[in-house]
Amino acid sequence: MMKPQNSWIEKYGPWALITGASDGIGLEMARGVAERGLNVVLVSRNQSKLNELAQNIQAEFGVRTQVIATDLSEAAEVNRVIDLSQQFNIGLLIAAAGYGTSGEFIKIEVVSELNMLDVNCRASLALAHAFALRLAPRKRGGIILFSSLVAFQGVPFSANYAASKAYIQTLAEGLHIELKPHGIDVLAVAPGPVQTGFAARAGMQLGQAANPVDVARAALQALGRKSTVRPGLQAKLLMGSLAMLPRAARSAIMGQIMSTMTKRYR
Ligand SMILES: NC(=O)c1ccc[n+]([C@@H]2O[C@H](COP(=O)([O-])OP(=O)(O)OC[C@H]3O[C@@H](n4cnc5c(N)ncnc54)[C@H](OP(=O)(O)O)[C@@H]3O)[C@@H](O)[C@H]2O)c1
């Protein structure tokens with residue numbers, strides 16, 4: 001087990017707030033920052049999963065924990081998280097809560113697509129803004145936002161999810177430069193497929209997928225060093241092979257890949 005890292009606690013501590021902490025990548029991000037010595041505020045809808053994680057983290061890493069069970073698709077609930085978190089001295093925001101959708105655009109339900117925008121984009125923006133305001137006077141801190149491999153071109157059969165991640169990618173790239181003079185490190189994490197509960201909720205079938213532990217490790221190592229990290233061999237290979245193509249050709253190829261991945265196609 002890694003020893004608590006004083007440089008991390010000084011730069012990003014003493015508390016971190018992690019959304020999407022009940023599962024997948026967010027859960028591993030929470031474990032990763034706790035291992036580095038930060039206390040953690042764990043946020044998602046599933047209270048019992050968060051409580052279990054909080055107990056495990058306390059026992060394993062000896063840090064303090066707090067749980068906020070909430071639905072981040074509701075604007076009032078996002079404000080409640082912002083208010084409740086004022087009582088902790090939070091130096092690091094990790095906005096990992098998010099989900100995907102897939103299928104033919106003319107067959108999707110627009111209500112659930114709008115809900116996804118609320119979680120993936122609206123909540124991430126509101127939290128990033130609230131924490132940027134808090135961190136800027138301290139002249140230190142970090143904000144980690146979750147983009148995706150799909151963020152870099154249009155993606156047929158997952159067009160709205162890809163667009164939501166393009167929004168996050170662009171937001172993070174801009175904030176990376178803008179917030180640097182305030183001492184705030186901003187990172188976009190853009191993984192390819194990762195083995196989590198994501199695929200089942202998105203109605204996708206993933207082939208080879210990265211391990212969320214490896215994704216979290218790569219993200220935490222990249223904070224303060226890069227504006228974007230693309231964890232996972234698959235993400236690197238696919239991005240490398242698509243990089244030289246025009247954007248329209250990349251979209252067409254991503255559409256072919258996505259049509260084989262989405263269970264709701266046809
Ligand atoms: N897995 C992949 O292939 C992949 C690839 C690229 C990018 N990403 C991105 O990485 C991030 C994490 O995804 P993951 O793979 O870890 O998925 P996951 O295992 O399904 O975890 C998603 C997390 O988000 C939380 N969440 C979902 N809806 C929420 C809501 N309305 N309010 C509050 N919390 C909510 C879930 O908790 P509750 O259910 O308890 O609310 C869960 O903790 C997402 O932003 C995703 O878009 C994933």
Side-chain angles (χ1 to χ4, degrees), residues 17-32 40-54 67-78 80-81 93-102 112 114-128 144-152 155 158 160-169 171-172 187-216 218-219 228-232 234-235 238-239 254 257-258 261-262:
L17 183 141
I18 304 103
T19 72
S22 60
D23 259 314
I25 304 169
L27 183 150
E28 297 301 339
M29 295 292 288
R31 289 180 52 80
V40 288
V41 182
L42 307 169
V43 182
S44 84
R45 291 169 304 176
N46 191 321
Q47 175 125 34
S48 58
K49 279 191 182 178
L50 293 177
N51 286 341
E52 191 184 330
L53 177 64
V67 162
I68 304 177
T70 189
D71 186 341
L72 293 172
S73 69
E74 294 175 27
E77 285 296 290
V78 178
R80 191 169 73 86
V81 172
L93 164 69
I94 300 176
Y99 68 97
T101 55
S102 66
S112 54
L114 290 167
N115 181 280
M116 184 182 69
L117 288 187
D118 286 337
V119 179
N120 292 7
C121 302
R122 194 183 191 289
S124 297
L125 173 71
L127 289 165
I144 302 181
L145 302 177
F146 276 81
S147 163
S148 166
L149 181 66
V150 300
F152 301 94
V155 179
S158 194
N160 187 39
Y161 173 63
S164 79
K165 292 297 162 177
Y167 169 83
I168 292 295
Q169 179 65 35
L171 178 70
L187 175 71
V189 185
V194 187
Q195 206 60 57
T196 65
F198 172 87
R201 188 169 182 194
M204 293 178 194
Q205 249 160 350
L206 305 183
Q208 279 206 326
N211 185 318
V213 178
D214 296 333
V215 172
T228 299
V229 62
R230 296 181 173 90
Q234 227 190 350
L238 192 58
M239 281 311 286
M254 289 300 281
I257 295 171
M258 190 54 72
M261 280 170 62
T262 175

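Both ligands and their constituent atoms are indexed starting at 1 by order of listing.
Heavy atoms of Gln195 found under 4.0 angstrom from ligand 1: none, in either backbone or side chain. Only the side chain of Val119 comes within 4.0 Å of ligand 1, judged by heavy-atom distances. At a heavy-atom cutoff of 4.0 Å, ligand 1 is contacted by no atom of Ala199, backbone or side chain. Contact annotation: for Ser22 versus ligand 1, heavy atoms closer than 4.0 Å belong to both the backbone and the side chain. Neither the backbone nor the side chain of Lys49 has any atom closer than 4.0 Å to an atom of ligand 1 (non-hydrogen atoms only).
Ring centroids of Phe198 and Phe146 are separated by 6.0 Å or more, keeping the two rings apart.
Residues Ile18 and Val41 are not in side-chain contact: their nearest non-hydrogen atoms beyond the backbone lie 4.5 Å or more apart. For the pair Met258 and Tyr161, the minimum side-chain heavy-atom distance is 4.5 Å or more.
Distances shorter than 4.0 angstrom do not occur between any heavy atom of Glu77 and any atom of ligand 1. In this structure, Arg201 is part of the shell of residues with a heavy atom less than 4.0 angstrom from ligand 1. Judged by the shortest distance from any of its heavy atoms, Thr70 lies inside the 4.0 Å radius around the atoms of ligand 1. The shortest separation from a heavy atom of Ser147 to ligand 1 is under 4.0 Å, placing the residue in contact.
Atom 46 (C) of ligand 1 has its nearest heavy-atom neighbour, among Tyr99, Tyr161, Phe146, in Tyr161. Among Gly197, Gly192, Gly26, the residue whose heavy atom sits closest to atom 19 (O) of ligand 1 is Gly197. Of the candidates Ile68, Ile18, Leu42, Leu72, Leu72 brings a heavy atom nearest to atom 32 (N) of ligand 1.
The nearest heavy-atom contact from the protein to atom 14 (P) of ligand 1 is Thr196 OG1, 3.5 Å. Among all protein heavy atoms, the one lying closest to atom 41 (O) of ligand 1 is Arg45 NE, 2.7 Å.
Polar contact check, Ser44 against ligand 1: a nitrogen or oxygen pair lies under 3.5 Å apart.
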CA sep, side-chain torsions, deciding dist, call: Leu145, Val189, side chain to side chain contact (heavy atoms under 4.5 Å, CB included):
CA-CA 6 Å; Leu145 302 177; Val189 185; over 6 Å; no
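In summary, the atoms of ligand 1 found under 4.0 Å from a heavy atom of Asn46, numbered by their order in the structure, are 40 (O).
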